[in-house]
Each structure stands twice: as C-alpha cells, then as structure tokens.
Novice: 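Pasting in a structure now, in structure tokens, and then I'll have a few things to ask.
Keep in mind the model is a prediction, meaning the values are calculated, not measured. Just so it is clear, the values below take in all heavy atoms, side chains as well, and ignore hydrogens, waters and symmetry mates.
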Amino acid sequence: MELIRLIGLCVLCLLPVAVLRRSVPEQALLLTLAILTVVMARCLAAAAPVLEELRALFDRAGVDTAHVSILLRALAASLVTRLCADLCRDGGSQALASTVEAAGAAAALLIALPLLKDVVNLLMGYFG
C-alpha cells in the first residue's frame with residue numbers, strides 16, 4: 001500500500017514539475033529534489049524491517065555480517081549515485097551526471113575493497 005501512495009505522490013507532482021520546468025527550471029529542480037527526499041525517506045523507513053530480516057537470514061546461514069554490510073553499502077552507493085546523476089541530467093548537465101557516475105563507481109570499489117581482500121586471502125589459502 002505504501003508503494004502505491006509513493007507512486008501516486010510522484011505522479012501527482014509530475015504536472016507541477018513540468019509547468020515549473022518551462023518557466024522556472026531552477027524551482028522545478030528544487031521541487032524534484034524535495035519530492036525525492038520525501039520518497040527516499042519513506043522507502044528507507046519501509047526497508048528497515050526487510051534489512052533486519054536479511055541480516056537474520058544471513059546470520060542463520062553463517063555468512064559474516066561484515067560481508068553483508070559491505071554489499072548493502074555498495075547497493076546504497078549505487079542507488080544514491082543513480083539518483084544524483086538523474087538529478088544532474090534533469091538540471092541539464094550531462095557532464096556533471098557523468099562525473100557523479102564515475103565517483104559512484106570509485107566509491108563502490110572503495111566500499112568493496114575489504115571484500116576483495118578477503119577473496120584474495122581465501123584464494124591465497126588455497127594456492128599458497
């Protein structure tokens with residue numbers, strides 16, 4: 001039900017954003033950012049129980065919680081990167097969008113670095 005309300009909010013705000021985009025593009029971008037903030041806050045609130053269930057599931061499976069945390073942070077970084085790049089495109093700057101995407105890729109690599117180290121150590125244990 002929450003998803004339908006969020007979709008309705010986004011659809012309802014399309015018309016004001018489109019009208020503002022023609023006359024005052026800066027305000028259209030600010031309205032889009034405000035709507036995005038509200039929707040993302042609601043999505044995070046709705047996702048909290050799901051994340052706890054995932055953690056419990058991985059605990060029962062014996063998966064290290066640090067590895068799960070790394071994967072979830074990389075997922076969050078990719079979502080934030082995508083949203084920021086889309087906002088840059090809506091604002092008319094393809095160059096900024098590309099820069100945000102490159103920064104997001106670098107951030108994902110840095111986030112995943114401990115996981116990569118563990119994989120290399122595991123391989124070295126097999127071959128070393």
Side-chain angles (χ1 to χ4, degrees):
M1 188 65 176
E2 182 70 18
L3 178 62
I4 293 172
R5 287 201 303 240
L6 291 176
I7 291 170
L9 173 67
C10 291
V11 169
L12 184 66
C13 293
L14 283 176
L15 183 62
V17 168
V19 169
L20 283 174
R21 189 171 285 141
R22 291 182 181 200
S23 58
V24 190
E26 298 84 14
Q27 288 182 0
L29 185 62
L30 289 176
L31 179 58
T32 302
L33 185 59
I35 295 163
L36 174 69
T37 303
V38 169
V39 170
M40 287 304 298
R42 299 295 300 172
C43 286
L44 288 174
V50 174
L51 292 176
E52 286 305 314
E53 187 65 30
L54 278 174
R55 286 187 193 275
L57 180 66
F58 285 124
D59 282 343
R60 283 192 305 241
V63 177
D64 187 7
T65 56
H67 294 155
V68 176
S69 175
I70 290 169
L71 293 175
L72 291 176
R73 285 185 300 170
L75 174 65
S78 70
L79 291 173
V80 168
T81 298
R82 171 88 187 251
L83 291 172
C84 289
D86 286 344
L87 279 174
C88 290
R89 283 188 194 90
D90 281 351
S93 180
Q94 181 64 37
L96 281 177
S98 296
T99 303
V100 166
E101 289 171 343
L109 182 62
L110 288 174
I111 291 168
L113 193 57
L115 189 59
L116 181 61
K117 286 180 182 178
D118 287 347
V119 169
V120 168
N121 288 336
L122 182 65
L123 290 175
M124 294 302 287
Y126 284 131
F127 298 120

Novice: Is Phe58 linked to Leu72 within one hydrophobic cluster, defined over Ile, Leu, Val, Met, Phe, Trp and Tyr using a side-chain heavy-atom separation of less than 4.5 Å?
Specialist: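 Yes, because Phe58 and Leu72 connect within a single hydrophobic cluster, where side-chain heavy atoms sit under 4.5 Å apart.
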Novice: Looking only at heavy atoms, what is the nearest atom pair of Ile111 and Ala77, with distance?
Specialist: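 Where Ile111 meets Ala77 most closely, the heavy atoms are CD1-CB, 3.8 Å.
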Novice: Is there side-chain contact between Leu87 and Leu33, with heavy atoms separated by less than 4.5 Å?
Specialist: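 Leu87 reaches Leu33 side chain to side chain.
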Novice: To the nearest 0.5 angstrom, please state how far the CD atom of Glu101 sits from the CD atom of Gln94.
Specialist: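 The CD atom of Glu101 sits 7.5 Å away from the CD atom of Gln94.
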Novice: What distance separates Arg21 CZ from Leu31 CG, expressed to the nearest 0.5 Å?
Specialist: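 Taking CZ in Arg21 and CG in Leu31, the distance rounds to 10.0 Å.
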Novice: Do you know which two heavy atoms are closest between Ile70 and Pro114, and how far apart they sit?
Specialist: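 Closest approach of Ile70 to Pro114: CD1-CB, 3.8 Å.
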Novice: Quick one: closest heavy-atom pair of Cys88 and Val100, and the distance?
Specialist: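 That closest heavy-atom pairing would be SG-CG2, 4.1 Å.
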Novice: If you apply the rule side chain to side chain contact (heavy atoms under 4.5 Å, CB included), what do you find for Val119 with Leu123, and how did you get there?
Specialist: CA-CA 6 Å; Val119 169; Leu123 290 175; 4.3 Å; yes
Novice: Any side chain to side chain donor-acceptor pair (under 3.5 Å) involving residues 23-38? Give me the pairs, sequence neighbours left out, ordered by first then second residue.
Specialist: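 Pairs touching residues 23-38 that pass the test: none.
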Novice: Only counting residues at least two apart or in another chain, list the ones meeting side chain to side chain donor-acceptor pair (under 3.5 Å) with Arg42.
Specialist: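 Arg42 satisfies side chain to side chain donor-acceptor pair (under 3.5 Å) with Glu2 only.
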Novice: Drop me the distance from Asp64's CG to Asp118's CG, to the nearest 0.5 angstrom.
Specialist: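 Here the interatomic distance stands at 7.5 Å.
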Novice: Compare every heavy atom of Val39 with every heavy atom of Cys10, then report the nearest pair and how far apart it is.
Specialist: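 Looks like SG-CG2, 3.8 Å.
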Novice: So how far is it from Leu83 CG to Met40 CE, rounded to the nearest 0.5 Å?
Specialist: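 Leu83 atom CG to Met40 atom CE measures 5.5 Å (nearest 0.5 Å).
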Novice: What's the separation between atom CZ in Arg82 and atom CG in Leu79, rounded to the nearest 0.5 Å?
Specialist: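 Nearest 0.5 Å value for the CZ-CG distance: 9.0 Å.
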Novice: For Asp59, is there an ion pair with Arg55 - N to carboxylate O distance below 4.0 angstrom?
Specialist: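 Result for this pair is no, no salt bridge flagged.
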Novice: How many angstroms lie between CG in Leu115 and OG in Ser69, if you round to the nearest 0.5 Å?
Specialist: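 The distance works out to 10.5 Å.
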Novice: Please determine whether side chain to side chain contact (heavy atoms under 4.5 Å, CB included) holds for the pair Val17 and Ile35, giving the CA-CA distance in whole Å, both sets of side-chain angles, and the decisive distance to 0.1 Å.
Specialist: CA-CA 10 Å; Val17 168; Ile35 295 163; 4.3 Å; yes
Novice: Using every non-hydrogen atom in the two residues, find where Cys43 and Leu6 come nearest and quote the distance to one decimal.
Specialist: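 Closest approach of Cys43 to Leu6: SG-CD1, 3.8 Å.
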Novice: Cluster question for you: counting only ILVMFWY and a side-chain heavy-atom cut-off of under 4.5 Å, with indirect links fine, are Leu57 and Val68 together?
Specialist: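 Not linked; separate clusters.
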Novice: Taking all non-hydrogen atoms of both residues into account, name the closest pair between Ala97 and Ala85 and its distance.
Specialist: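 Looking at all heavy atoms of both residues, the shortest contact is CB-O, 3.5 Å.
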Novice: State, with a plain yes or no, whether a side-chain heavy atom of Leu3 is found less than 4.5 Å away from one of Ile7.
Specialist: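 Yes. Closest side-chain heavy atoms under 4.5 Å.
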